[in-house]
Amino acid sequence: MISVGDQLPDTVLTRIGDDGPEQVQLSSKLKGRKVVIFAVPGAFTSTCHSAHVPSFIRTKDQFAAKGVDEIICLAGNDPFVMSIWGDNTGATDAGITMLSDAECTFTEAVGMRFDAPPAGLIGRSLRYAMLVEDGEVKILNKEENPGQCELSAGEGLLESMG
């Protein structure tokens with residue numbers, strides 16, 4: 001599992017752009033920048049929808065004041081679902097980047113994949129939030145239980161930043 005001080009793997013994620021699905025090279029988002037990445041088990045799932053995304057919408061300006069260039073929400077859902085979820089929650093309007101890791105490439109590379117077949121969740125991410133500077137993990141807040149959203153909430157990550 002990834003830890004503080006590690007460099008994030010350079011993987012390709014997907015988002016919906018003006019002309020449909022487009023590839024996003026993670027390194028292009030991270031190079032020379034301070035970025036928050038938070039990952040959720042699934043779009044529209046209860047805790048992700050009602051707690052996790054709203055926490056980053058609420059705290060976006062506080063992160064900007066601390067020099068964060070971008071906030072990225074990552075999930076194993078396809079890019080179409082991520083786009084609609086961003087619109088539905090107001091995350092897109094708030095400037096949060098919604099990225100799909102539908103093949104779990106990034107999630108597996110950082111050791112955060114989990115499967116919960118009884119809930120219909122296959123190839124999903126554990127819940128976490130991290131502060132990344134120039135590709136290096138500076139803070140990593142992982143929840144012990146995917147149903148919890150405290151350490152990985154916007155407020156929890158801000159508190160860790162001091």
For residues Ile2 and Val137, determine if any side-chain heavy atom of one lies less than 4.5 Å from a side-chain heavy atom of the other. yes
Looking only at heavy atoms, the pair that brings Met82 and Ala43 closest together is SD-CB, 4.4 Å
Looking at Glu133 and Arg33, does any basic side-chain N land under 4.0 Å from a carboxylate oxygen? no
Can you confirm whether the side chains of Asp78 and Ser100 place a donor and an acceptor under 3.5 Å from each other? no
Separation between OG1 of Thr89 and CD1 of Ile96, rounded to the nearest 0.5 Å: 7.0 Å
Verify the distance criterion only: is there a donor paired with an acceptor across the side chains of Asp101 and Thr107 at less than 3.5 Å? yes
With rounding to the nearest 0.5 Å, note down the distance linking CG in Leu158 to CE in Met161. 6.5 Å
Contacts of Lys60 that satisfy side-chain hydrogen bond (donor to acceptor under 3.5 Å, both in side chains) - sequence neighbours left out: none
I would like to know whether Leu157 and Ile139 meet side-chain contact (heavy atoms from CB on, under 4.5 Å); could you show each step before the answer? CA-CA 8 Å; Leu157 187 59; Ile139 298 171; 3.7 Å; yes
Residues, nucleotides or ligands: over 12 heavy atoms within 6.0 Å of Glu70 CD: yes
Tell me, please, which residues at least two apart from Phe63 pass ring-ring contact (aromatic ring centres under 6.0 Å, His included). Phe56
So, using side chain to side chain contact (heavy atoms under 4.5 Å, CB included) as the criterion, who are the partners of Ser50 when residues are at least two apart? none
Can you tell which of Thr14, Leu13, Leu99 makes a side-chain contact (heavy atoms from CB on, under 4.5 Å) with Pro79? Thr14
Go through Gln148 and Arg127 one step at a time and tell me if the side-chain contact (heavy atoms from CB on, under 4.5 Å) criterion holds. CA-CA 8 Å; Gln148 290 179 309; Arg127 186 182 309 281; 5.9 Å; no
Could you pull out the closest heavy-atom pair between Asn77 and Ala102, with the gap in Å? O-CB, 3.9 Å
Out of the candidates Trp85, Phe44, Phe38, only one should pair with His52 under the ring pair (Phe, Tyr, Trp, His ring centres under 6.0 Å) rule; please name it. Phe38
